[in-house]
2 protein chains.
Amino acid sequence: MGKAEASSDRVAADLEEAIHEHRLAPGSKLNEDEVGAIYGVSRTVARAALQTLAHKRLVELRRNRGAFIARPSAREAREVFEARALLEPRTARSAAERMTEADLARLQAHIDEEHAAVADGRWGRALHLSGMFHIEIARIADQKTVAEFISQLIARSSLIIALYWQRRGALCESHAHHALIQAFRAQDGDLAEELMKNHLLDLVTSLDLRNLNSVPTSLREALTQ
Amino acid sequence: MGKAEASSDRVAADLEEAIHEHRLAPGSKLNEDEVGAIYGVSRTVARAALQTLAHKRLVELRRNRGAFIARPSAREAREVFEARALLEPRTARSAAERMTEADLARLQAHIDEEHAAVADGRWGRALHLSGMFHIEIARIADQKTVAEFISQLIARSSLIIALYWQRRGALCESHAHHALIQAFRAQDGDLAEELMKNHLLDLVTSLDLRNLNSVPTSLREALTQ
DNA sequence: GCACACAAGATTGTATACGAAATTGGATTG
DNA sequence: CAATCCAATTTCGTATACAATCTTGTGTGC
């Protein structure tokens with residue numbers, strides 16, 4: 001028997017995908033009535049969905065003010081990538097050691113779909129798939145607990161990229177993912193760990209975390225923080 | 001202005017402390033009406049608190065069945081300690097490098113209070129404080145994101161210990177914590193990392209994760225899972 | 001014209017009510 | 001007597017209603 005997801009889970013999952021695909025910008029207000037109306041549910045379940053996202057740090061709840069898409073600080077951005085650096089390289093090693101043909105095929109499919117999205121100019125979708133690539137690796141490593149943490153960190157990374165990404169060198173990612181697949185195919189754990197480590201370093205250095213030049217939200221939001 | 005915590009946060013925090021101190025056993029049913037009555041709040045906020053704990057994997061929600069204190073499987077127990085092994089040693093190193101006198105004093109106070117609790121036979125309290133020692137280290141390392149993950153893992157460890165701890169050698173912990181403080185005092189990052197790594201290995205080996213001999217809950221719970 | 005106070009509106013926080021699902025207990029039937 | 005079916009009870013899932021708080025717009029006094 002399946003797990004019979006609650007309706008609030010469905011709302012939360014849909015909102016989360018919208019965040020991943022950059023259709024919801026950091027700082028956006030999420031009115032409970034509005035969310036409920038969009039998904040045809042009451043405020044009760046809309047509110048539960050927002051609380052779920054708040055626990056994942058994708059949404060910030062302010063008492064008597066409402067729910068807002070999170071706007072990670074530069075410091076938080078660094079912390080997220082430091083946490084990823086602790087978890088993902090070793091996870092990539094584990095994944096390499098347990099990799100099957102089916103897993104490789106699924107990863108390759110991810111990359112292909114990502115390329116297609118890039119070709120179509122669907123940048124949000126491509127970004128989402130790029131994150132899913134990392135999540136898939138964690139899943140293959142067969143460590144649910146770590147995989148969950150990584151999923152959350154990647155979701156937050158999506159917000160960080162929305163805020164701090166500097167355009168230059170947008171396509172470097174897929175190259176790194178290709179190299180990772182090569183290591184996986186060779187079941188070379190050492191190489192996979194090293195490649196993932198460097199990939200994450202590349203990602204961090206492609207961000208501009210120096211100053212707070214990223215305030216795409218209302219002035220009020222920026223000042224009351 | 002403070003963060004003005006919601007009332008559901010207070011309920012969740014209190015329930016979590018009860019879990020840490022082993023006053024709530026794994027598998028216990030948490031009736032929404034009952035929880036609400038105990039804390040003098042409506043089912044709405046009791047439910048929100050239970051959802052919060054479910055997100056932390058301390059409570060398991062079963063649709064149309066209710067909320068139960070989580071009962072981690074042996075496999076999940078291994079995963080939790082593997083995740084801790086990825087996060088905590090490096091965090092201990094960072095903490096050692098940033099350690100101040102005030103931090104050392106606070107850690108020492110934790111150990112002292114833990115000893116006092118052990119002397120008084122308050123085992124639950126001692127266990128709680130033992131976990132807090134690890135959380136304090138993560139806080140000192142000044143990495144909120146990682147600290148949050150570690151907090152969650154330690155909370156889950158409390159459930160794991162309730163299920164799988166084998167009594168022999170109950171006091172080994174405080175020794176390891178003392179050794180860690182020595183490393184911190186010397187600001188020896190290498191040593192702190194190594195000590196933490198070994199401490200976690202000791203913890204895992206002090207568990208009996210071989211079989212499912214741990215079913216302190218109702219028969220029904222054990223069979224419907 | 002500016003600052004402050006106050007009232008109207010909007011939004012969240014919490015409680016309650018109602019419907020749905022599951023469990024439980026007893027009655028019926030073989 | 002055992003098995004099964006059905007009703008009664010309990011508990012959860014969701015919607016709605018009311019209260020508290022914050023925002024916003026207006027008016028008054030200086």
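Reminder, nothing fancy here: chain letters follow the sequence lines and each chain counts from 1.
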Task: Aromatic ring pairing His177(B)/His199(B), orientation class (parallel under 30°, perpendicular over 60°, tilted between) - done: perpendicular

Task: Atom-to-atom span, CZ of Arg10(B) to C1' of dG13(C) - whole angstrom - done: 18 Å

Open item on the list: Can you give me the closest heavy-atom contact between Phe68(B) and Gly27(B), atom names plus distance?
Closed with: CD2-O, 3.6 Å

TODO: Could I get the full list of salt bridge (charged side-chain N to carboxylate O under 4.0 Å, His left out) partners for Arg47(A), not counting sequence neighbours?
DONE: Glu32(A)

Open item on the list: Just N and O in the side chain of Ser7(B): are any of them under 4.0 Å from OP1 or OP2 of dT14(C)?
Closed with: yes

Task: Arg10(A): salt bridge (charged side-chain N to carboxylate O under 4.0 Å, His left out) partners, not counting sequence neighbours - done: none

- [ ] Give a yes/no answer on whether the side chain of Arg65(A) brings an N or O atom under 4.0 Å of OP1 or OP2 in dT23(D).
- [x] yes

Open item on the list: Glu21(B): which residues meet the salt bridge (charged side-chain N to carboxylate O under 4.0 Å, His left out) condition with it, sequence neighbours left out?
Closed with: Arg23(B), Arg125(B)

Open item on the list: Under the rule for salt bridge (charged side-chain N to carboxylate O under 4.0 Å, His left out), what residues qualify as partners of Arg139(B), not counting sequence neighbours?
Closed with: Asp103(B), Glu136(B)

Open item on the list: Counting only side-chain heavy atoms from C-beta out, which of dT14(D), dC12(D), dT12(C) sits nearest to Lys29(A)?
Closed with: dT12(C)

Task: Interatomic distance, Arg47(A) CZ vs dA15(C) C1' [rounded to whole Å] - done: 12 Å

- [ ] Check the distance between dT11(D)'s P and Leu61(B)'s CG and give it to me in whole angstrom.
- [x] 17 Å

TODO: Would you list the pairs meeting ring pair (Phe, Tyr, Trp, His ring centres under 6.0 Å) in which at least one residue belongs to residues 9-48 of chain A, sequence neighbours left out?
DONE: His20(A)-His128(A)

Task: Neighbours of DNA chain D within residues 36-45 of chain B, by heavy-atom distance under 4.0 Å - done: Arg43(B)

TODO: Mind calculating the distance between CG (Asn64(A)) and P (dA10(C)) to the nearest angstrom?
DONE: 17 Å

TODO: Rounded off to whole Å, could you give me the CD-to-C1' distance for the Glu32(B) and dA15(C) pair?
DONE: 14 Å

Task: Atom pair distance, as rounded to whole Å: CZ in Arg63(B) and P in dC12(D) - done: 13 Å

Open item on the list: Expressed as a whole number of angstroms, how long is the span from Gln51(B):CD to dC12(D):P?
Closed with: 12 Å

- [ ] Give the rounded distance in Å between these two atoms: CG of Asp33(A) and P of dT12(C).
- [x] 7 Å

